[in-house]
Amino acid sequence: MDKENTVNEPRASYNTVANIPKENLGVIFHQYFIEEINKYKKKQDDELFLDPSMRDIYERLIKLEEELKNQRILMEARFEASDKRFGDLQKSMNTRFNEMQHYMDKRFDANDKRFNDLQKNMDKRFESMQKNMDSRFESMQKNMDSRFEDMNTRFNQLTWMIGGSFGLLTIFMAVLKIFS
């Protein structure tokens, strides 16, 4: 059998619960309970309207429900107004935040520019100091080189002078030895 046909068949077509297919049990019991609940509600409503004191209570309940419905509508309107107010507040806060962000970005850019200018200035000063130090070092080096050259020539002169003195002394002693 087709599944759809078995679901739509009336309960009376099954002789016992054992003959009902398992996949249709939930649907059939659901239909049965809904019918029974509707019968019970209708019976209760009929009994309720028969008693006048219950009718007054029922009317009061209806008025109370209407009043609650009106209050709920008012509360929803208030909540919508609050939501709108919070939305407007959120928009103004976002606008202020964006303005502050823009202002801070400008300040940071200005600081970056200032630091870059300072860095360039420091680089120039460092290069000029480096050149000054290099020129001073070179002049000191030349001065020291000239002093060492002067010392070297003086030592050479002294060496020749001492060597010459010893040579003359040796010659003088040899001459004295020959003539004596």
Side-chain angles (χ1 to χ4, degrees), residues 1-140:
M1 275 190 174
D2 189 16
K3 205 175 205 184
E4 292 178 11
N5 290 341
T6 56
V7 172
N8 293 329
E9 290 180 9
R11 288 187 325 266
S13 66
Y14 300 112
N15 294 336
T16 63
V17 174
N19 291 338
I20 300 173
K22 288 183 181 178
E23 54 271 351
N24 295 340
L25 268 176
V27 175
I28 291 172
F29 281 128
H30 182 66
Q31 289 173 352
Y32 175 75
F33 285 125
I34 288 177
E35 288 176 10
E36 290 301 317
I37 288 171
N38 287 338
K39 285 180 190 175
Y40 180 75
K41 281 184 178 177
K42 187 172 182 186
K43 182 180 174 187
Q44 289 294 348
D45 288 344
D46 290 343
E47 289 177 4
L48 186 68
F49 283 117
L50 293 177
D51 187 11
S53 63
M54 293 303 282
R55 188 177 299 147
D56 290 340
I57 291 174
Y58 189 71
E59 287 174 3
R60 286 183 192 168
L61 281 175
I62 290 172
K63 288 179 182 178
L64 180 64
E65 287 177 356
E66 288 174 359
E67 185 63 32
L68 287 174
K69 180 181 175 184
N70 291 336
Q71 286 181 358
R72 184 174 49 243
I73 291 169
L74 285 175
M75 288 174 61
E76 288 174 357
R78 288 181 183 167
F79 286 136
E80 287 174 7
S82 295
D83 289 345
K84 184 179 183 286
R85 190 177 84 215
F86 285 130
D88 293 343
L89 183 63
Q90 184 69 31
K91 285 178 185 176
S92 69
M93 286 172 49
N94 286 341
T95 303
R96 284 180 53 203
F97 177 77
N98 289 336
E99 288 172 355
M100 286 178 59
Q101 188 70 32
H102 183 68
Y103 175 71
M104 286 174 34
D105 288 344
K106 281 185 177 179
R107 286 180 53 197
F108 284 136
D109 290 341
N111 283 338
D112 286 345
K113 185 180 181 299
R114 192 179 89 206
F115 285 132
N116 288 337
D117 292 343
L118 285 173
Q119 186 68 33
K120 288 178 184 176
N121 190 18
M122 285 174 31
D123 289 345
K124 287 178 184 176
R125 287 177 55 201
F126 180 75
E127 288 174 5
S128 67
M129 287 176 60
Q130 187 71 29
K131 287 178 183 177
N132 186 18
M133 286 173 47
D134 287 346
S135 64
R136 285 177 56 199
F137 180 74
E138 288 173 3
S139 67
M140 285 176 57

Before giving the answer on salt bridge (Lys or Arg N to Asp or Glu O under 4.0 Å), spell out for Asp117 and Lys113 the whole-Å C-alpha distance, their side-chain angles and the decisive distance to 0.1 Å.
CA-CA 6 Å; Asp117 292 343; Lys113 185 180 181 299; 3.4 Å; yes
Interatomic distance, CE@Met122 vs CZ@Arg125, rounded to 0.5 Å, equals 8.0 Å
Tyr103 and Glu99: side chain to side chain contact (heavy atoms under 4.5 Å, CB included), yes or no, with the steps?
CA-CA 6 Å; Tyr103 175 71; Glu99 288 172 355; over 6 Å; no
Rounded to the nearest 0.5 angstrom, the CZ-CD distance for Phe137 and Gln130 is 11.5 Å
Rounded distance [0.5 Å steps], CZ in Phe97 versus CE in Met104:
7.5 Å
Is Lys84 paired with Asp88 through a side-chain N to carboxylate O contact shorter than 4.0 Å?
yes
Do side-chain atoms of Asn98 reach the backbone of Asn94 as a donor and acceptor pair under 3.5 angstrom?
yes
With rounding to the nearest 0.5 Å, note down the distance linking CG in Asn111 to CG in Asn116.
10.5 Å
Drop me the distance from Met140's CE to Met133's CE, to the nearest 0.5 angstrom.
11.0 Å
Reported CE-to-CE distance for the pair Met93 and Met100, which is rounded to 0.5 angstrom:
11.0 Å
Applying the side-chain contact (heavy atoms from CB on, under 4.5 Å) test to Glu67, which of Gln71, Lys63, Glu65 qualifies?
Gln71
